[in-house]
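Just follow the structure's listing: the first ligand is 1, and inside any ligand the first atom is 1.
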Amino acid sequence: MNVARARRPHTPRSSPADRFFAPCPRGLEEALRAELQEFGIADPDVVPGGVGFRGSWRDCYRVNLLSRVASRVLWQVGHTRYRHEDDIYQAAAALHWPDWFAVRSLIRVNVSAIGSPLRSLEFITLRIKDAVCDRFRAACGERPSVDTARPDVRIHAFLTDRDATFYLDTSGDALFKRGARREVGEAPLRENLAAGILRLAGWRPDEPLFDPMCGGGTFLAEAAQIALGIAPGIGRRFGFERLAVFDAALWKQVRAEALTPPDDRPAPELHGSDVDPTALAAARANLEAAGVLDFVHLRQADFTTVEAPCRPGVLVANPPYGVRMGDVSGLRALYPRLGDALKQRFAGWRAYLFSADMELPKLIGLKASRRTPLFNGSLECRLFEYRMVAGTMRRRTDADASPGPGVETGTDR
Ligand SMILES: C[S@@+](CC[C@H](N)C(=O)[O-])C[C@H]1O[C@@H](n2cnc3c(N)ncnc32)[C@H](O)[C@@H]1O
């Protein structure tokens, strides 16, 4: 079995070759790989659902603090081939858990699997918990307690058909929990999904951004923090702070680097609107909690009649869809009007609509230049790109009978 090197609690640094795995929403793996490369991580390895990488604890702290797309960062502490439950128990019991966290820690074990022949994941979860406790008892005569609601330390195991890999979670709460208090509007997006969509849209902080259905303002908060250079994790705690291998001095240094005021950046042009005043109140509260309210223009407006708030840039929206909100017949009436609004008032913009509804976007009357599959939890969604061409309306008026879609064609990438 491969085991991460055992380290005494006061070992200051890990090897630069520790293995980590960062899960992310499915469909954002390439976006996460690009982000990790921007952090200086060499050869990140994309697999469905996340990205593996080798790095130091400094890299691990930086990814936790800076990544907008990762859901967690897991530190690989062991790996084994298995055939039966007992193989996994034996492998887990051989790991150096008492070197990695204190016996008084409250623990939780999570197991996920793809193609495992084992009959019960619940049972194997208990067996791994037993193995960890037995290892502690042998080492110090005591065992850690379990707390599935508020654990100090999360242990993950991932099983394939014949491999079991053990991890310690260095993030604690999922990384899309940015630390700011959050007013939940209807059907809010997870922050890392919103940030990943901004990346897929190719939005840059020097371009205007408009979310005309902003709800709780998730796209706007992410965009504002990106433009202002605010690290997403600066206001929260992390699981690695509870591990015995935690290097407080290194973490202080990594945080200090992230807090260094960015160079003069252009003031971002960020605009949001929503038809619902309650949603706008939630957006205002969330933007304030994220420290960016002063950088975002908000107003109450209906997307079907709203004027473009500024020069052309990126329009991004997550319209209501049947699964979580709105009734389907109402949405069928709304979607063609969204298409008309884009055609009539957003010439020159790149528009991105994110939806789980594969049918309703067809009603919009525009040809998407790109459709990117993404998952919102287990819900399969698409990000539809529409490039609105300046001057299209005039052509369309001149040739009223033509079915001109109001978008460039042949821009699929
Ligand atoms: C799925 S939610 C958006 C959630 C948002 N992306 C977030 O993360 O919080 C859809 C939003 O569209 C708004 N909406 C529905 N119809 C609208 C319209 N005609 N004009 C503007 N906003 C509308 C709803 O009030 C709701 O806040």
Side-chain angles (χ1 to χ4, degrees), residues 25 28 68-69 174 176-178 180-201 203 209-226 232 270-290 292-293 296-309 314-346 351-357 360-361 363-364 374-377 379 381-384:
L28 290 180
R68 294 197 168 271
V69 181
F176 58 77
K177 297 185 181 170
R178 305 296 199 213
R181 181 181 56 87
R182 185 159 183 186
E183 290 295 322
V184 181
E186 269 186 279
L189 281 180
R190 285 188 173 167
E191 287 80 347
N192 61 340
L193 186 54
I197 288 172
L198 292 177
R199 262 186 180 265
L200 292 177
W203 174 75
L209 185 82
F210 177 38
D211 181 350
M213 302 179 123
C214 70
T218 318
F219 285 123
L220 297 165
E222 289 298 307
Q225 288 203 334
I226 292 167
L270 306 172
H271 299 264
S273 53
D274 199 288
V275 75
D276 176 1
T278 320
L280 275 181
R284 209 164 274 123
N286 290 334
L287 292 167
E288 182 155 33
V292 296
L293 182 59
V296 181
H297 304 274
L298 288 177
R299 71 184 174 112
Q300 190 183 343
D302 188 325
F303 184 15
T304 61
T305 54
V306 73
E307 294 293 332
V314 170
L315 181 151
V316 64
N318 165 214
Y321 48 83
V323 174
R324 291 171 84 180
M325 57 193 304
D327 70 284
V328 170
S329 60
L331 294 175
R332 282 185 183 271
L334 174 66
Y335 272 64
R337 299 180 64 206
L338 300 187
D340 289 344
L342 287 174
K343 282 184 271 192
Q344 287 161 12
R345 290 183 294 280
F346 290 90
Y352 296 84
L353 300 184
F354 176 68
S355 180
D357 194 320
L360 292 183
L363 299 174
I364 208 164
L374 286 174
F375 281 77
N376 187 3
L379 199 60
C381 301
R382 292 279 183 282
L383 181 65
F384 298 93

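- When only interatomic distances are considered, the shortest N/O to N/O separation between G216 and ligand 1 falls below 3.5 Å.
- In this structure, the side chain of R178 engages the main chain of R68 through a donor-acceptor pair within 3.5 Å.
- Contacts between A283 and ligand 1 below 4.0 angstrom, taking non-hydrogen atoms only, are absent altogether.
- Put simply, the side chain of L220 reaches to within 4.5 Å of the side chain of L298, judged on heavy atoms.
- Among residues two or more places apart in sequence or in another chain, the side chain to side chain contact (heavy atoms under 4.5 Å, CB included) test is passed with R190 by F176, N192, L193.
- Within the listing of ligand 1, atoms 25 (O) sit less than 4.0 angstrom from a heavy atom of D276.
- Within the 3.5 Å criterion, the main-chain N or O of G215 finds a donor-acceptor partner in the side chain of D274.
- At a 3.5 angstrom cut-off on N or O pairs, F219 does not count as close to ligand 1.
- For ligand 1, the polar-atom distance check finds no N/O of A279 at less than 3.5 Å from any of the ligand's N/O atoms.
- At a 4.0 Å heavy-atom cut-off, ligand 1 touches P212 through the backbone alone.
- By the 30° and 60° cut-offs, the orientation of the rings of F346 relative to F303 is perpendicular.
- Contact annotation: A301 has at least one heavy atom less than 4.0 Å from an atom of ligand 1.
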Derivation and outcome, side-chain hydrogen bond (donor to acceptor under 3.5 Å, both in side chains), residues S355 and D357: CA-CA 5 Å; S355 180; D357 194 320; 5.4 Å; no
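- Of the candidates L193, V275, L220, D302, it is D302 that places a heavy atom closest to atom 19 (N) of ligand 1.
- Within the 4.0 Å heavy-atom criterion, neither part of S273 lies near ligand 1.
- Counting only distance, with no hydrogens or angles, the side chain of R345 and the backbone of T304 share a donor-acceptor pair below 3.5 Å.
- One finds the OG1 atom of T218 at 7.0 Å from the CG atom of N286 (value rounded to the nearest 0.5 Å).
- Under a 4.0 angstrom heavy-atom cut-off, C214 registers as being in contact with ligand 1.
- Here atom 4 (C) of ligand 1 lies nearest to N318 when heavy atoms of V316, N286, N318 are compared.
- If you number the atoms of ligand 1 from 1 as listed, the ones under 4.0 Å from a heavy atom of T218 come out as 7 (C), 8 (O), 9 (O).
- Applying the 6.0 Å contact sphere to CZ of R337 captures no more than 12 heavy atoms from other residues, nucleotides or ligands.
- Near P188, meaning under 4.0 Å from one of its heavy atoms, ligand 1 places the atoms 7 (C), 8 (O), 9 (O).
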